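On a predicted model such as this, the values are computed, not experimentally measured, just so you know.
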Amino acid sequence: MIKTKSKFITPPKDFSNNVNKGEKYFRDVIDKNRTEELITGWKSSMQGKLGYINALKKAKILPTYYGERVLELGAGCCWFGSILSKEDSIKEIYCVDLSENLLKNVAPHIMGYLHARDEKIVRVLNDYDNLKFEKDFFDSVAFDSSLHHSKDVVKTLEIANNVLKKGGYVIAHREPI
């Protein structure tokens, strides 16, 4: 097990009642048996992802992230949060995912690989529609190829908007919808 300074928050008691059961089954049963393969796969795909993010920044389509506190929904292995952790303006990144395996076993490897400032990262085991954050808590909310996994996209966006500060941003990129 790789050590990380990032915090890990366990899910609320009603987590299993609200989660997308098909998605959770895939992550918990199928992905759990492929942990090493997932780590290797994420590392090998990282150059393309980094090139994508850098191209968006250069084209001013994706500005350098906004605010001190960012919420990433569907964070998976926390690669995007790891990139954001290097931004000096960002103080905390909450990476939410429903896969305990990705958050606990894969994410620490990816954070190390990307030299994340992991003390800024809070890994949260939860689903999109069961967030227990205060209203107006985040400066921005990010979805990186994850919004399409929501059971109810409209509900998920409403909840994201509820935890977002006035004037904050919701960014959804690499979405097939």
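The only member of Val122, Val163, Asp139, Ile93 that meets side chain to side chain contact (heavy atoms under 4.5 Å, CB included) when paired with Arg69 is Asp139.
Between the side chain of Asn162 and the main chain of Lys135, no donor-acceptor pair closer than 3.5 Å is present. Of the possible donor and acceptor atoms, none in the side chain of Asp118 sits under 3.5 Å from a partner among the backbone N and O of Ile121. Under a 3.5 Å cut-off, the side chain of Lys120 and the backbone N or O of Ile90 do form a donor-acceptor pair. A donor-acceptor pair under 3.5 Å is formed between the side chain of Arg123 and the backbone N or O of Leu103.
Atoms OG and CG, from Ser150 and Leu157 in turn, are 7.5 Å apart once rounded to the nearest 0.5 Å. Interatomic distance, CG of Leu98 versus CG of Leu73, reported as 11.0 Å (0.5 Å rounding). Going from atom OG of Ser85 over to atom CZ of Phe80 covers 11.5 Å, rounded to the nearest 0.5 Å. The CD atom of Glu68 sits 13.0 Å away from atom CZ of Phe138, with the distance rounded to the nearest 0.5 Å. Note that OG of Ser99 is 8.0 Å distant from CG of Leu125, once rounded to the nearest 0.5 Å. A distance of 7.5 Å separates CG in Asn105 from NE2 in His109, rounded to the nearest 0.5 Å.
Geometrically, Lys165 does not engage Phe137 in a cation-pi contact, judged by NZ or CZ lying under 6.0 Å from the ring centre and within 45° of the ring axis.
When every heavy atom of Lys132 is checked against every heavy atom of Asn130, the shortest pair comes out as NZ-OD1, 3.3 Å. The shortest non-hydrogen separation linking Cys95 to Gly81 is SG-CA, 4.0 Å. Counting all heavy atoms, side chain and backbone alike, Tyr128 lies closest to Gly74 at CE2-N, 3.3 Å. Cys77 and Val106 get closest at one heavy-atom pair: CB-CG1, 3.7 Å. Residues Val124 and Phe133 come closest through the heavy atom pair CG2-CZ, 4.4 Å.
Environment of NZ in Lys5: sparse, with no more than 12 heavy atoms of neighbouring residues, nucleotides or ligands closer than 6.0 Å. Within 6.0 Å of the NZ atom in Lys7, the count of heavy atoms belonging to other residues, nucleotides or ligands does not exceed 12. By the neighbour-count criterion of 12 heavy atoms within 6.0 Å, atom CZ of Phe8 is densely surrounded, having more than that number from other residues, nucleotides or ligands.
Using a 4.5 Å heavy-atom cutoff, the side chains of Leu71 and Val96 are in contact. Contact of the Leu164 side chain with the Tyr169 side chain is not registered, since no non-hydrogen atoms from C-beta on lie closer than 4.5 Å. The closest side-chain heavy-atom distance from Glu72 to Asp144 is below 4.5 Å. Put simply, the side chain of Leu114 reaches to within 4.5 Å of the side chain of Trp79, judged on heavy atoms. The shortest side-chain heavy-atom distance between Met111 and Tyr113 does not fall under the 4.5 Å cut-off.
For Lys166, there are no side-chain hydrogen bond (donor to acceptor under 3.5 Å, both in side chains) partners, not counting sequence neighbours.
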>> Test side chain to side chain contact (heavy atoms under 4.5 Å, CB included) on Ile171 and Val141; report intermediate values, then the result.
In response: CA-CA 6 Å; Ile171 299 103; Val141 178; over 6 Å; no

